[in-house]
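The block underneath contains the structure these notes are about, expressed in structure tokens.
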Amino acid sequence: MKRNTIILLVLVSLVSIIGFLIYAELRARPRHYVAVVGPMSGESRSAGTDMVNAVSMQLDKLNRSGGIDGRPVELLVFDDANDPDRAAAVAAKIAKDERIVAVLGHYFSSTSLAAGGTYREHRLPAITASATADSVTARNDWYYRIIFSNRYQGAFIAQFVHKVLGYQRSCVIFDEDAYGASLADAFQAEAETVGLDVLGRHAVTGNTSKQDLQALAASVREYGDDIMIFLATHAPEGAQLVTALRSRAGGNRVAIIGADALGTDMFIDTLNTIPQERARPGFFSDGIYVAAPYIPDISARQAQVFRNDFRRRFGTQPSWTAAGYYDAAGIVLDALLAVSGNIGDKDTDAIRDGIRRYLEDTSNPMRAYQGVTCNIHFDQNGDVVRPLRIGRFQNQMLLSAFAHVDIFVNREPDLDTLLQQALANNILVLGDNLMKRIQIINTGLQFNEITGLDINKGTFFADFYLWFRSVDDFDGHDIEFLNAAAPIELGEPVLESNDGAVTKRVYRIRGEFKAHFQLADYPFDAQNLEISFRHRKLTTQDAIFVADIREMDCFNVDTWLQDMQKGGVFSGIRAWNIIDAWIFQNVQNTFSNRDRQSRGKGYTGVGFSQFNTVIRIQRNVVSHAIKNLIPIIAIAIASYCIYFIRMNEASMFSLRFNITLSSLLTLSFFHLKLSNDLPEIDYLVAMEYGFFVLYFLFAFGMLASVLCRHYMNRDRPEIVTRLSAFGTVFYPATIITAIVVMYWKYMR
């Protein structure tokens, strides 16, 4: 006993030493460093927190997969408090740190401008996902931007106000800094071009008193109700102006459109300090239009995955700031990965230069980075080439407006088509681009029941309500369900309503849908139940489906799933756990033979907006084990017991051998049953690896029995004892190892 205790202590000591050496080696391993700099303190600190959280998600994902050539990437956080002087000092500190290969930030245009010269001088690449002033990237080939510039944003908003919303008169209230002034200039210049009257241009600062803001609001209200007020301000000033403008008679009848700063959490947080907005969310904010780089309901699948992961990790919905810096970190890590392969372990200057050249080369749309906010590629100025979204606040949620504008693409453009679209006020001219008004169809599903999950057929049955809400009249009868097992017709709506502005039609759908089940992880597998459809005739130049998040009440997807579970929607698939869901739209491209010949020239075919609802389910492993694995566990235990049967006579050999052989044959039966239960597939499933482990152990047991018989006949009982003792340890050790590997690979 004493000897065994000493051996155990020695083994524990060796394991501890090895573990410490591995930990020390990992800590000593060379690292790459990326800096994020923004308002980590002060009134904008929530934006700084979003920046750090989003970048951390990207770095954690990369480091879990092994980092870059085995080297982890570490984040260094710096606080500029949105102060230009402090930003300049912080930039100097960052630039001189030879460990740092790239910078993510700054948050404000003013701080980015204060730091940009230092980054250029020290040849350190920087990407901002929030600073919109044109001068940030102008004449600075080391600064890149993945958010639209103020020149583009201001001009776009002027076009949207006049051509899409139909306003003839407007006024501008702007922050008297690089951000607000450039927005106001761009808006006013474009307004003059399109014939939108700008009745007034009013400047404010962060030091403008509350009384002065009230006086300004009173003077602006004198312009009348048929005016759109453009707020080119930061979030705090914007919130104060909104309160002042809407606190008098008329309230939410005062039409307001804001620049991107009003789409941040800080805007709503500031409004929530007002009792009316706090007591009734939307009291001041409802109906305000906002330009934003990221709006959840119109985003693609990867954006929905990011939104769900961010909320589960940090407990809040990601802002467009978080989404932008998640993308900024992603493209920097892609650049670092590419540079590392070409440069290896050269000095930091070479890595910095390599990252900048990688970003510079990302100018071709075909090489765009697939981000959650957009597909990112840069122009010659280092500015992203991307669409601008217009959202509208409802109950403090920023949802897509009922109209969207994008670059006009026509496979066979002709003057008649352009003339018809122009006469319908659907064509906008913005710089060198023709842009077209596109109808937004708010689309929602309410599931009644999901049943009939058939793994062999690859189908499931769904019963749900489907609705469309739109400003323009939309007929859903040309909807085509892409994964329906048989064609589904919508029929007549079960409910139709119109509140004077928005038409809503509701349909009841019952049908069988196809699913692409992947069984490689069986029985630890997770599957997607997807319902996808598109319009047969309307392309993305005509209409885009977006998730009706508000009416579906699915802004928090976990709550949405819990409500459906409580309502018995999934009662027909009890052997599965509901773990996630995504509701998103994407573009499905179709090509003719002529289109395919044009693809090399950058043509992407005719696009159709595809609406998708995906519910992810995971097999209940415990339930499956109780139903299917108990007999296998029983025969494994029986096979293990042979090592405790003493080989003192020939009959004991026969007993041991027959038990193992019977176990082997029984296991083969269950393996065959598994093959029959699953559809025909040409790959192994996870459970089969478990069978292979048991086959090996049973074969080893038979071999051990034969060897024991052999050495008994030779009168070598000590070898028989050792073989049996080895089996009692080797058998469970192998099974425990297999379980750990299975857990690590499939259940962690």
Decide yes or no on side-chain hydrogen bond (donor to acceptor under 3.5 Å, both in side chains) for Ser285 and Glu277, but give the supporting numbers first. CA-CA 8 Å; Ser285 58; Glu277 182 78 19; 2.8 Å; yes
Return yes if some donor-acceptor pair links the side-chain N/O of Asn140 with the main-chain N/O of Gly116 below 3.5 Å, else return no. yes
Heavy-atom donor-acceptor pair, Thr193 side chain to Ala189 backbone, under 3.5 Å: yes
Is it true that Asp383 and Arg145 make a salt bridge, defined as a side-chain N closer than 4.0 Å to a carboxylate O? yes
Would you mind reporting whether Ser135 and Leu113 have side-chain heavy atoms less than 4.5 Å apart? yes
Check whether any side-chain heavy atom of Val372 sits under 4.5 Å from a side-chain heavy atom of Tyr326, and report yes or no. yes
Expected output: side-chain Asp83 to main-chain Asp80 donor-acceptor under 3.5 Å: no
Between Asp185 and Arg201, is the closest basic N to carboxylate O distance under 4.0 Å? yes
First locate atom CD1 of Ile147, then atom CG of Leu388, and finally report the distance between them rounded to the nearest 0.5 Å. 8.5 Å
Quick one: do Arg151 and Asp134 make a salt bridge, cutoff under 4.0 Å? yes
Do any N or O atoms from the side chain of Asp379 and from the backbone of Gly382 form a donor-acceptor pair under 3.5 angstrom? yes
What is the ring orientation for Phe156 with Phe160, classed by angle as parallel under 30°, tilted 30 to 60°, or perpendicular over 60°? parallel
Starting at CD of Glu237, measure out to CG of Leu241 and round the result to the nearest 0.5 Å. 8.0 Å
Report the C-alpha distance between Ile173 and Ile229 in whole Å, list the side-chain angles of each, state the deciding distance to 0.1 Å, and finish with yes or no for side chain to side chain contact (heavy atoms under 4.5 Å, CB included). CA-CA 7 Å; Ile173 304 176; Ile229 302 167; 4.1 Å; yes
Does any non-hydrogen side-chain atom of Met228 lie less than 4.5 Å from one of Leu165? yes
Evaluation steps, side chain to side chain contact (heavy atoms under 4.5 Å, CB included), between Asp286 and Ile288: CA-CA 6 Å; Asp286 270 359; Ile288 294 177; over 6 Å; no
Out of curiosity, Asp85 CG to Thr111 OG1, how far, rounded to the nearest 0.5 Å? 11.5 Å
Expected output: side-chain Thr208 to main-chain Val204 donor-acceptor under 3.5 Å: no
Other residues, nucleotides, ligands: >12 heavy atoms within 6.0 Å of Glu98 CD: no
Which heavy atom of Asn82 sits nearest a heavy atom of Pro84, and at what distance? O-CD, 3.8 Å
With no hydrogens and no angle check, is any side-chain donor or acceptor of Trp320 less than 3.5 Å from a backbone partner on Asp260? yes
Is a donor on one side and an acceptor on the other found under 3.5 Å between the side chain of Tyr143 and the backbone of Tyr119? no
Hey, what do you get for CD (Glu192) to CZ (Phe187), rounding to the nearest 0.5 Å? 11.0 Å
Looking only at heavy atoms, which two atoms of Thr205 and Asp175 are closest? And how far apart? CA-OD1, 3.7 Å
How about Asp50 and Thr321: does a side-chain donor come under 3.5 Å of a side-chain acceptor? no
Would you kindly say whether Gln168 and Asp197 are connected by a side-chain donor-acceptor distance under 3.5 Å? no
For the residue pair Gln302 / Gln370, report whether a side-chain donor-acceptor contact shorter than 3.5 Å exists. no
Can you check side-chain hydrogen bond (donor to acceptor under 3.5 Å, both in side chains) on Ser41 and Asp79, steps first, answer last? CA-CA 7 Å; Ser41 62; Asp79 180 17; 2.6 Å; yes
Cation-pi check for Phe148 against Arg386: NZ or CZ below 6.0 Å from the six-membered ring centre and within 45 degrees of the axis, yes or no? no
Do Thr137 and Tyr144 come close enough that some side-chain heavy atom pair is under 4.5 Å? no
Show your reasoning for whether salt bridge (Lys or Arg N to Asp or Glu O under 4.0 Å) applies to Arg357 and Asp353. CA-CA 6 Å; Arg357 282 187 281 105; Asp353 187 64; 3.0 Å; yes
Min side-chain heavy-atom separation Ile157-Phe230 under 4.5 Å: yes
Nearest heavy atoms of Thr264 and Ala235, plus distance in Å: OG1-CB, 3.7 Å
Sidechain-backbone polar pair: Ser609 side chain, Val587 backbone, donor-acceptor under 3.5 Å: no
Going by atom types alone, do Arg307 and Gln304 pair a side-chain donor with an acceptor below 3.5 Å? yes
One pair to check against side chain to side chain contact (heavy atoms under 4.5 Å, CB included): Thr348 and Arg352. What are the steps and the verdict? CA-CA 6 Å; Thr348 301; Arg352 290 178 176 182; 3.6 Å; yes
Out of Val36, Val103, Ile100, which one pairs with Phe78 under the side-chain contact (heavy atoms from CB on, under 4.5 Å) rule? Ile100
Derivation of the side-chain hydrogen bond (donor to acceptor under 3.5 Å, both in side chains) call for Ser110 and Asp177: CA-CA 8 Å; Ser110 57; Asp177 62 6; 5.5 Å; no
Validation row: Leu196, Val161 side chains within 4.5 angstrom (heavy atoms): yes
What is the minimum heavy-atom distance between Gln240 and Leu213, and which atoms define it? OE1-CD1, 3.2 Å
Short question: side chain of Asp297, backbone of Ser400 - any donor-acceptor pair under 3.5 Å? yes
Please determine whether salt bridge (Lys or Arg N to Asp or Glu O under 4.0 Å) holds for the pair Asp349 and Arg123, giving the CA-CA distance in whole Å, both sets of side-chain angles, and the decisive distance to 0.1 Å. CA-CA 8 Å; Asp349 288 340; Arg123 302 173 66 83; over 6 Å; no
Aromatic ring pairing His234/Phe108, orientation class (parallel under 30°, perpendicular over 60°, tilted between): parallel
Smallest heavy-atom separation, Ala232 atom then Leu183 atom, equals CB-CB, 3.7 Å
Does a side-chain heavy-atom distance below 4.5 Å link Met51 with Leu104? no
Rounded at 0.5 Å granularity, tell me how far CD1 in Ile298 sits from CG in Asn442. 9.5 Å
Any side-chain heavy atom of Arg311 sitting closer than 4.5 Å to one from Gln317? yes
Side chain to side chain contact (heavy atoms under 4.5 Å, CB included) between Arg356 and Trp142, intermediate numbers included: CA-CA 7 Å; Arg356 188 199 64 80; Trp142 289 84; 3.3 Å; yes
CD/Gln394 to CD1/Ile549 distance, rounded to the nearest 0.5 angstrom? 10.5 Å
Side-chain H-bond candidate by donor/acceptor type, Asn272 with Gln396, under 3.5 Å: yes
Taking every non-hydrogen atom, the tightest pair across Leu398 and Ala292: CD2-CB, 4.0 Å
Does NZ or CZ of Arg246 fall inside the cone over Phe284's six-membered ring, less than 6.0 Å from its centre and within 45° of the axis? no
Say whether Tyr325 and Ser130, considering side chains only, have a donor N or O and an acceptor N or O under 3.5 Å apart. yes
